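The figures that follow rest on heavy atoms only: side chains count, while hydrogens, waters and symmetry mates do not. Not measured: the values here are computed from a predicted model.
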Amino acid sequence: PNNPENSTLLATWRYGVGRAVAFTTDAGNQWAKPWYNSPAYDKLFSQIIRFSMRPVTQDANFSVGADLRDGKVRVVVTALDAEDNRINFLNISGRGIAPDLKGFDLNLSQVAPGRYEGEFPAEQSGNYLFTLFPGEGYERLTAGISVPYSSEYTDRTTNASLLETLSQFRPNGGSPGELSTARFDSETMDNLLELNPFRPDLKQAISTQAMWPLMLVITAAVFFSDVLLRRVAINFDWIPVLLKSAIARLRGAPVAAAQASIDRLKSRKKQVEAEIESQRAATRFAPEELEPAKQSGAKHLQDVLESERKQEIAPPAPRSITNVDQPAPGAMDENYTSRLLDAKRRAKKNQDGGKGSS
């Protein structure tokens, strides 16, 4: 009762490879006499003894590995049973000690069948020791890892034997090298500057490179060109037309209007030829009348085409937009129809006159 705040009766902890149990009251001779006859008396002490005893281990094969990567230590445990089957669903925990003798907790989780992984930061250089507890029925696992110091603190000396061996090699067409063993200080600086580490007397290095990729590309291009020229008919008549059209556009000439005029002349020519053929088919066959009718029809066709060409080529008289009325839609078609009808009447009249004279 010197410390009434500490009322612990039962405490357990690990010590070394075993367990320790402290029961802070008597066994029933002085303070717990009524408890001596309780049925829980034997059960309590039997469980305390069984808990403090070394557990019966099961046959298992655990392999522990640790590696350092990106400032962290990864701990990997592989658990196999006596028949080399993977042991799953283990609750593996552990405790570790850093180089500064401070402890830290380590928990592992299952990432694959029979494989458990965990990691902890390695911020110090030195040895890390950790102990893992796979669970009841398995012995604890002990492992460790050494984190080296930074490479900048490593004492690296000159490998003089390797340099001397390399300097003895004689290159093709040159002389062996020279190894300078003078110290690098102010007294020997002038002698070191006289040495030329670059050797201009050596032959230029020549490297070989395969030519088959370039030759393959050239062969494929030649084969494609040969097939194209043999199988495809290429006409370049469109190039002059395209050039003329481009030049006309640059000069501001009405290219589209000229093409439309030519198309109209062709269509009118076809219509007149069709009318002449129809008249010729309707006319009675007469050897002496065939030639005049043919000549009159050809002359009539020539006159129509000449009048149409003059009308297309002759520039229109300048008119004032404000004083001249715009032609009604379809006026061009009416003029064209009327001219065709007049030409047809004249051809019929000539044909009838030729018949009367005969």
Does atom CD1 of Ile145 have more than 12 heavy-atom neighbours, drawn from other residues, nucleotides or ligands, at distances under 6.0 Å? yes

Within 6.0 angstrom of Gln124 CD, more than 12 heavy atoms from elsewhere: yes

Atom CG of Leu214 and atom CD of Gln209: how far apart are they, to the nearest 0.5 Å? 9.5 Å

Is it true that Val21 and Leu9 fall in one hydrophobic cluster, defined by side-chain heavy atoms closer than 4.5 Å? no

Main-chain N/O of Ala112 paired with Tyr116 side-chain donor or acceptor, under 3.5 Å: no

When hydrophobic residues are tied together by side-chain contacts of less than 4.5 Å, even through go-betweens, does Leu179 share a cluster with Phe169? no

Would you please test Asn107 and Ser93 for side-chain hydrogen bond (donor to acceptor under 3.5 Å, both in side chains) and show each step? CA-CA 5 Å; Asn107 296 321; Ser93 60; 5.2 Å; no

Closest non-hydrogen atom pair, Gly118 against Leu106: C-CD1, 4.4 Å

Is the backbone N or O of Val241 less than 3.5 Å from a side-chain atom of Ser245, with the two atoms forming a donor-acceptor pair by type? no

Straight-line distance of Leu44 CG to Ile48 CD1, nearest 0.5 Å: 4.0 Å

Between Val147 and Tyr128, is there a side-chain heavy-atom distance shorter than 4.5 Å? yes

What distance do Asn61 atom CG and Asp81 atom CG have between them, rounded to the nearest 0.5 Å? 9.5 Å

Parallel, tilted or perpendicular: which fits the ring planes of Phe104 and Phe120, with parallel below 30° and perpendicular above 60°? tilted

Between Leu129 and Val75, is there shared hydrophobic-cluster membership here, with clusters defined by ILVMFWY side-chain heavy atoms closer than 4.5 Å? no

Less than 4.0 angstrom from a charged side-chain N to a carboxylate O is my criterion; do Lys344 and Asp342 meet it? no

Quick one: are Leu80 and Phe62 in side-chain contact, heavy atoms under 4.5 Å? no

So, for Arg74 and Glu117, which heavy atoms are closest and what is the spacing to 0.1 Å? CD-OE1, 4.0 Å

If we only count heavy atoms from C-beta on, is the Val76 to Val64 side-chain gap below 4.5 Å? no

For Gln168 versus Pro176, what's the shortest heavy-atom pair and its separation? O-CB, 4.2 Å

Kindly work out whether a path of hydrophobic side-chain contacts (I/L/V/M/F/W/Y, heavy atoms less than 4.5 Å apart) joins Leu228 to Ile239. yes

Identify the two heavy atoms, one from Ala60 and one from Ile87, that lie closest to each other, and give their separation to 0.1 Å. CB-CD1, 4.1 Å

Hey, are the side chains of Phe133 and Thr131 touching, using non-hydrogen atoms and a 4.5 Å cut-off? yes

Nearest non-hydrogen partners of Pro148 and Ser125, listed with the distance: O-OG, 3.4 Å

Taking all atoms of both residues into account, what is the closest heavy-atom pair of Thr78 and Arg86, and its distance? CG2-NH1, 4.3 Å

If you measure from CG on Leu341 to CZ on Arg346, what distance do you get to the nearest 0.5 Å? 10.5 Å

Please examine the side chains of Arg69 and Asp67, heavy atoms only from C-beta on, and report whether any two atoms are closer than 4.5 Å. yes

How long is the gap from CG on Leu132 to CG on Leu108, to the nearest 0.5 Å? 6.0 Å

So, do Gln110 and Arg115 sit near enough that their side-chain heavy atoms are less than 4.5 Å apart? no

Within a 6.0 Å radius of atom CG on Asp226, are there more than 12 heavy atoms belonging to other residues, nucleotides or ligands? yes

Any side-chain heavy-atom pair from Val77 and Leu90 closer than 4.5 angstrom? no

